[in-house]
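So the structure is just underneath, and the comments pick up after that.
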Amino acid sequence: MSAPLIPISGLTVANRQKMSATLGQAGCSKSACGASEGPADMDPAVWAKVKDHPCYSEEAHLYFARMHVAVAPACNIQCHYCNRKFDCANESRPGVVSERLTPEQAARKVLAVAAQVPQLSVLGVAGPGDAACDWRRTKATFEAVAERLPDIKLCLSSNGLALPDHIDEIVAMNVDHVTVTINAIDPEIGAKTIAWIVHDRKRYTGVEAATILRDRQLQSLDMLRDRGVLVKVNSVLIPGINDAHLIEVNRAVKARGAFLHNIMPLISDPAHGTHFGLTGQRGPTPAELKQVQDACEGGARLMRHCRQCRADAVGLLGEDRGGEFSLDRLPDEVEDAPEARAAYRAWVAGERADRAAAAERADRAAAGVADTVLFAVCTRGSGRINQHFGKATEFQIYEADGDGIRFVGHRRADNYCLGGIGDEERMARIIQVLDGVAYVLCQKIGERPRQTLAQAGIEAIDDLGSDYIETAIAAVVQARAAQTAQRA
Ligand code: CLF
Ligand code: SF4
């Protein structure tokens with residue numbers, strides 16, 4: 001529901017900026033003193049595994065990039081939301097056919113990206129089919145990359161059916177992040193999400209297929225947990241089929257030691273030619289997704305920053321630099337640049353401590369907020385407001401209330417500005433996407449889009465420079481509180 005908007009433009013810009021400057025000052029806090037590099041509630045060994053992984057740590061996604069190589073085209077099940085002409089929808093967005101690579105081509109591509117993108121920290125195999133079903137190719141790719149780039153973490157995603165057969169090799173290769181997609185614990189519900197599976201060379205359908213799949217998925221969780229591999233569970237939220245059931249899934253995977261639960265919206269479009277697309281099954285609205293995620297709070301730790309990236313995605317989550325590294329653009333010989341990655345990681349270590357301290361101060365500053373306020377932030381990463389409104393293709397959504405300031409997701413829309421000219425059709429879509437948002441924080445915005453947003457009850461703020469996001473939000477909520485007090 002939309003928070004009541006109290007326009008703060010009446011409050012002087014200087015006042016807001018002064019609050020922001022005060023909140024941004026360095027001071028002694030737990031993080032700034034170096035007492036805690038990671039979350040206080042996390043085992044240091046676990047934090048060491050997740051701190052540079054953009055999917056396993058929400059904070060790391062501000063700084064680190066992943067890349068996928070599309071080496072695994074085969075799959076052993078048929079999900080109702082998948083068309084094999086496109087990427088695996090369990091871990092990626094259907095839409096464009098990936099460039100299929102051999103393990104050798106994939107290794108050359110990873111080397112080229114690592115040499116040019118110092119943010120790269122993870123290589124994932126997430127399709128376009130199933131990484132464990134097409135295990136020979138996944139394994140050959142990992143082996144080739146591990147030998148040449150030992151500082152890059154290896155990660156894979158699977159529907160879980162073939163996973164138990166490869167756990168020992170996964171552990172031997174130091175793959176310490178595995179995703180298993182589990183859409184249902186109850187086979188009656190699971191049967192509504194798949195057409196068939198092939199297991200031990202036999203084809204199964206219906207509840208029998210869903211039972212075998214569920215049992216193998218849970219077995220995978222147990223085996224991976226027992227061997228110290230961090231497991232993320234993905235679930236596709238399908239309204240009317242598993243929305244009410246996902247709380248049960250969340251509790252069940254927590255009980256089996258899953259590190260993270262990623263509830264993703266079904267992407268369904270007749271143009272994709274999937275069973276769900278053709279039968280009119282809709283995906284959830286952002287509000288429905290958030291409602292299910294909120295209902296799962298208190299169970300397995302939730303991932304809310306997934307971008308449902310493609311099986312050949314390259315870059316920070318939310319950006320896709322895959323086109324820069326297509327096969328025809330790869331050099332024959334690649335010179336690695338490990339120093340650039342090491343220097344970048346050293347910079348991040350300093351930056352994240354500073355940001356954590358600022359976020360802590362911002363949380364304290366927001367402690368008195370009475371209502372819940374939603375913010376949409378334009379950012380290119382690093383946890384700062386550093387993007388023009390017209391260039392944003394996604395908005396990071398933050399929530400501020402008496403419990404503090406937190407990231408709650410992202411919303412996508414085509415960017416407003418095309419070659420220096422605003423597109424009003426796109427603006428109308430942006431307004432829809434920002435439903436419930438009270439403030440847009442950006443580096444710069446033109447007068448016309450600012451007014452259009454204001455007419456929709458959204459205030460655009462572009463005078464907080466390239467502040468840390470939490471610092472800027474705290475300044476706004478403080479200004480709101482001050483204004484309310486003045487009026488009282
Ligand atoms: Fe890739 Fe997945 Fe590994 Fe990340 S993605 S295999 S865990 S490196 Fe990440 Fe992309 Fe979401 Fe996947 S944002 S779709 S959760
Ligand atoms: Fe498609 Fe992935 Fe499901 Fe296989 S596991 S059918 S590739 S969505």
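Note: hydrogens, waters and symmetry copies are ignored here, and every other heavy atom, side chains too, is used. Numbering of ligands and ligand atoms starts at 1, following listing order.
Within the listing of ligand 2, atoms 1 (Fe), 6 (S), 7 (S), 8 (S) sit less than 4.0 angstrom from a heavy atom of Cys82. Distances below 4.0 Å separate heavy atoms of Pro128 from the following atoms of ligand 2: 7 (S). Of all the atoms in ligand 1, the ones that sit under 4.0 Å from a non-hydrogen atom of Cys309 are 5 (S), 10 (Fe), 13 (S), 14 (S). Near Arg307, meaning under 4.0 Å from one of its heavy atoms, ligand 1 places the atoms 11 (Fe), 13 (S). The contact set between ligand 2 and Asn159, taken as ligand atoms under 4.0 Å from a residue heavy atom, comprises 5 (S).
Aromatic rings of Tyr398 and His410 (six-membered ring for Trp) have centroids beyond the 6.0 Å cut-off, not under it. Ring to ring, Tyr56 and His177 are close: their centroids are under 6.0 angstrom apart.
Environment of CG in Asp328: crowded, with over 12 heavy atoms of neighbouring residues, nucleotides or ligands closer than 6.0 Å. For Glu143, the CD atom sits in a packed shell: over 12 heavy atoms of surrounding residues, nucleotides or ligands are nearer than 6.0 Å. Around atom CD of Glu339, more than 12 heavy atoms belonging to other residues, nucleotides or ligands sit under 6.0 Å away.
Contacts between His177 and ligand 1, counted as non-hydrogen atom pairs separated by less than 4.0 Å, are absent for every part of the residue. Using a 4.0 Å cut-off between heavy atoms, Met264 makes no contact with ligand 1 at all. Here Cys79 has heavy atoms under 4.0 Å from ligand 2 in both its backbone and its side chain. Looking at His68 against ligand 1, only its side chain comes within 4.0 Å, counting heavy atoms.
Cation-pi geometry between Arg301 and Phe259 is satisfied (NZ or CZ under 6.0 Å from the ring centre, within 45° of the ring normal).
Checking Cys155 against atom 3 (Fe) of ligand 1, an N/O/S atom falls under the 2.8 Å cut-off.
Side chains of Asp130 and Ser158: a donor on one and an acceptor on the other come within 3.5 Å.
Put simply, part of His53 is less than 4.0 Å from ligand 1, judged by heavy atoms.
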